[in-house]
Engineer: 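Supplied in C-alpha cells, the structure appears directly below.
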Amino acid sequence: MTQPHDLHEAARAPHDETRQRILMCAPDDFDVRYVINPWMEHQIGRTTPSLAREQWRNLRALVAQSAEVEQVTPAAGLPDMVFTANAGFVLGAIAVVSRFRAEQRRPEEPLFRAFFEAQGYDVALWPEPIPFEGAGDALIDRGADVVWCGYGMRSAAEAPAALERIIGRRVIGLRLVDPRFYHLDTCFCPLARGWLMYYPPAFDDASRAAIETIVPRAKRVEIDEADAMRFACNAVDLDTCVAMNDASPQLQKRLRDAGFAPALAPLSEFMKAGGAAKCLTLKLSER
C-alpha cells in the first residue's frame, strides 16, 4: 500500500507554469473496435478517420488558445489512447496511473506510466486489484479544497479512499448509477470560481446530497437529459472559456450569465466511442 505523500510535495509542480498544461493524444489509430460502454453499441467500424482527425485538430486549436498543449505519442492497436483523461490523475508533482477495468485498455497503462516518469512526476503506486480510471473519474474542485471521485461503473467503490491516502487531500466519492454516464467527467464538470455543471440523475441520493453540501445552490448549474446526452458536462474548463461538444442555447446562456464563454467544438466521431472534449484532454496543471 502506498504511503501518503506530503502535502507540500503535492503542491510542487514539476514545471513553473503561468497557464494550464493539458495532455492530448492524436487520433492516429482511433476507431471503435469493441464495446465497453453503451455509446459504443452498434458503432464498431463506423467512425470516419478523416473527420475524427479534423475534429480533434479543431479541439486542440481551441484548447491551445488558453492552455499549453502537450502530446503523448499514440500507439498502434490502442484506439482509445486518444482519451487521455483516462491516462491517470495528476495533482502537483504526483501522477497516479490508471488501473483500467476493461482488459482492452490495460496495455495503455505502461505507456502512460512511461510518459509521466519521463516528465519527472512522482508516479504513485496504486493498489493492484482496485480499478481506477484517472481523471475520467477524479476531478479537482475549483472552489473547495476537495477532489471528487466517481465510482460504480469503471472505478471501484474503494477508489476514493485509496486516492485520498495517496494524495493527502479530501476525496469525496460519488456513486454513478446511469450506465450512459460511466465516468464522472461525462456528467460532472467543476468550473472556475467554484461553479459546477452537472446532471443530477446520474448520481444516487447520497451523492447528490454530498454535492449540495459542498457546492452552493447559486453556483450549481444543473443540466437536463438532452444536454447530458450531448455530453455538455464532458467539457474542458479553461478558466472563463468552456470547450464542449455541444449545448442547448439555454445552457449556453446560463453559462454566459455565470461569467463563462461556452465554445462549441463538435466531436461526433468521438461520441461514437463515448467520449467528447474532456475525455480527449488531461490536465497536467491548473493555473
Engineer: What is the minimum heavy-atom distance between Ala243 and Ala277, and which atoms define it?
Structural biologist: O-CB, 3.7 Å
Engineer: Using a distance-only test with no angle check, is there a side-chain donor-acceptor pair under 3.5 angstrom linking Gln104 and Arg33?
Structural biologist: no
Engineer: Using a 4.5 Å cut-off on heavy atoms from C-beta on, say whether the side chain of Asn37 contacts that of Met153.
Structural biologist: no
Engineer: Please check if the number of heavy atoms outside Lys219 that lie under 6.0 Å from its NZ is greater than 12.
Structural biologist: yes
Engineer: Measure from the ring center of Phe30 to the ring center of Phe270 and say whether it is less than 6.0 Å.
Structural biologist: yes
Engineer: Will you find, in the side chains of Ser98 and Asn86, an N or O donor that is under 3.5 Å from an N or O acceptor?
Structural biologist: no
Engineer: With a 6.0 Å cut-off (strictly less than), is the heavy-atom count around CZ of Arg175, excluding the residue itself, greater than 12?
Structural biologist: no
Engineer: Between Arg53 and Glu269 (salt bridge meaning N to carboxylate O under 4.0 Å), is one present in this structure?
Structural biologist: no
Engineer: In the structure I gave you, are the side-chain heavy atoms of Pro131 and Arg154 within less than 4.5 Å of one another anywhere?
Structural biologist: no
Engineer: In this structure, which one of Asp237, Leu196, Leu238 forms a side chain to side chain contact (heavy atoms under 4.5 Å, CB included) with Leu191?
Structural biologist: Asp237
Engineer: Check for me whether Arg193 meets the cation-pi criterion with Phe260, that is, NZ or CZ under 6.0 Å from the six-membered ring centre and within 45 degrees of the ring axis.
Structural biologist: yes
Engineer: Distance alone, cut at 3.5 Å: any donor-acceptor contact between the side chains of Glu222 and Tyr199?
Structural biologist: no
Engineer: Run the salt-bridge test on Asp257 and Arg254 with the 4.0 Å N-O cut-off and return the result as yes or no.
Structural biologist: no
Engineer: So does Arg142 pair up with Asp239, basic N to acidic O under 4.0 Å?
Structural biologist: yes
Engineer: Decide yes or no for Lys278 and His183: does some side-chain heavy atom of the first lie under 4.5 Å from some side-chain heavy atom of the second?
Structural biologist: no
Engineer: List the steps, then state whether side chain to side chain contact (heavy atoms under 4.5 Å, CB included) holds for Trp195 with Leu255.
Structural biologist: CA-CA 10 Å; Trp195 285 80; Leu255 290 170; over 6 Å; no
Engineer: Does the gap between the ring centers of Trp39 and Phe231 come in under 6.0 Å?
Structural biologist: yes
Engineer: Decide yes or no on side chain to side chain contact (heavy atoms under 4.5 Å, CB included) for Ile214 and Arg170, but give the supporting numbers first.
Structural biologist: CA-CA 12 Å; Ile214 298 293; Arg170 182 184 178 194; 3.7 Å; yes
Engineer: Check step by step if side chain to side chain contact (heavy atoms under 4.5 Å, CB included) holds for Ile36 and Arg105.
Structural biologist: CA-CA 10 Å; Ile36 58 174; Arg105 298 201 64 180; 4.0 Å; yes
Engineer: State the CE-CD distance between Met40 and Gln43, to the nearest 0.5 angstrom.
Structural biologist: 10.0 Å
Engineer: So that I can tick it off, tell me whether Glu133 and Arg101 are bridged by a salt bridge, with the cut-off set at under 4.0 angstrom between side-chain N and carboxylate O.
Structural biologist: no
Engineer: Show, in sequence, the C-alpha distance, side-chain angles and deciding distance for Phe112 and Val72, and conclude whether the side chain to side chain contact (heavy atoms under 4.5 Å, CB included) test is met.
Structural biologist: CA-CA 8 Å; Phe112 285 125; Val72 61; 4.0 Å; yes
